[in-house]
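To keep things clear, I will list the structure first and then write my remarks on it.
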Amino acid sequence: ALTSDLPGQAVAVPAPVSRRIQPPDLAAGTPVPKFSVAIMSGAKRAGPWLVPPTYVAVAIMGGVELDLRYATFGAPKVTIQALCLMGGVTITVSEDTAVDVSGIGIMGGFDHQASGPGVPGAPAVRVVGFALMGGVEVKRRPATQIGGS
């Protein structure tokens with residue numbers, strides 16, 4: 001308010017967040033994926049899917065890709081537990097998502113570059129785990145269209 005009459009001092013209003021967080025209200029017997037495992041192979045989860053409050057990704061000499069940009073979250077804050085042994089886990093989140101990455105990498109790595117706050121009301125993703133001769137990477141990408149990069 002103090003600088004509202006100055007030129008070029010427009011207040012940036014954050015874009016509204018779509019309703020991506022909802023408690024899982026599924027019919028009885030509907031399977032909800034809780035883990036991805038890739039042993040000398042690959043596993044990918046993308047498109048519209050329900051992310052449970054805790055999700056496990058295991059990559060042993062293989063790779064797991066998780067794209068959360070079009071997912072619905074079962075809780076406001078979800079935890080992804082990543083375990084890599086000579087493999088990799090790649091997680092893609094939208095730009096409005098809050099991200100907290102904390103893990104241990106031995107002869108490998110845990111990429112913390114995507115860590116940071118999100119837009120109020122957006123989901124939060126916490127990535128924890130262990131990488132031995134492997135890696136965990138979290139990328140921020142805009143949500144364009146399903147299947148877009």
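All values below were derived from every heavy atom in this structure, side-chain atoms included, with hydrogens, water molecules and symmetry-related copies excluded. Here the structure is a predicted model, which means the values were calculated and not measured.
- With values rounded to the nearest 0.5 angstrom, Glu137 atom CD is found 8.0 Å from Gln113 atom CD.
- Tracing side-chain contacts under 4.5 Å through hydrophobic residues (I, L, V, M, F, W, Y), one reaches Phe73 starting from Val138; they form part of the same cluster.
- Residues Ile91 and Val127 form a side-chain contact, since some pair of their non-hydrogen atoms from C-beta on lies under 4.5 Å apart.
- Placement of Leu66 and Leu83 in two distinct hydrophobic clusters is found when ILVMFWY residues are connected by side-chain heavy-atom separations under 4.5 Å, directly or transitively.
- Under a hydrophobic clustering in which Ile, Leu, Val, Met, Phe, Trp and Tyr are joined whenever their side-chain heavy atoms come within less than 4.5 Å, directly or via other members, Phe130 and Met86 fall into the same cluster.
- The shortest heavy-atom contact between Ala38 and Gly63 is CB-O, 3.3 Å.
- The heavy-atom pair separating Leu50 from Gly74 by the smallest distance is CD1-N, 3.8 Å.
- Here the side chain of Ser115 pairs a donor or acceptor atom with the backbone of Val101 at under 3.5 angstrom.
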### Task
Would you check, one step at a time, whether the test ring-ring contact (aromatic ring centres under 6.0 Å, His included) holds for Trp49 with Tyr55?
CA-CA 12 Å; Trp49 62 290; Tyr55 192 86; 5.4 Å; yes

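- Looking at every heavy atom in both residues, Thr97 comes nearest to Arg140 through O-NH1, 2.7 Å.
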### Query
How far apart are the C-alpha atoms of Ile39 and Met61, what are their side-chain angles, what is the distance that settles it, and do they pass the side chain to side chain contact (heavy atoms under 4.5 Å, CB included) test?
CA-CA 6 Å; Ile39 300 173; Met61 294 178 20; over 6 Å; no

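- For the atom pair CD (Glu95) and CZ (Arg141), the distance works out to 9.0 Å, reported to the nearest 0.5 Å.
- To the nearest 0.5 Å, the span separating CG on Leu68 from CZ on Arg45 amounts to 11.0 Å.
- At a threshold of 4.5 Å between side-chain heavy atoms, the hydrophobic network of Ile, Leu, Val, Met, Phe, Trp and Tyr places Ile104 and Phe110 in two separate groups.
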### Message
Applying side chain to side chain contact (heavy atoms under 4.5 Å, CB included) to Gln81 and Thr79, what does each step give before you reach the verdict?
### Response
CA-CA 6 Å; Gln81 299 172 345; Thr79 299; 4.2 Å; yes

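- Of all the heavy atoms in Val93 and Arg69, the pair that sits closest is C-CG, 3.7 Å.
- Put simply, CD1 on Ile60 and CE on Met40 are 11.0 Å apart, with the number rounded to the nearest 0.5 Å.
- Closest approach of Lys139 and Thr90 over heavy atoms only: CE-CG2, 3.5 Å.
- Put simply, CD1 on Ile80 and CG on Asp100 are 12.0 Å apart, with the number rounded to the nearest 0.5 Å.
- In the displayed structure, Arg126 atom CZ is contacted under 6.0 Å by at most 12 heavy atoms of other residues, nucleotides or ligands.
- Of all heavy-atom pairs spanning Val136 and Cys84, the tightest one is CG2-SG, 3.7 Å.
- For the atom pair CD1 (Ile106) and CG (Leu85), the distance works out to 11.0 Å, reported to the nearest 0.5 Å.
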### Task
Show the numbers, then the answer: is there a side chain to side chain contact (heavy atoms under 4.5 Å, CB included) between Val58 and Val64?
CA-CA 7 Å; Val58 178; Val64 174; over 6 Å; no

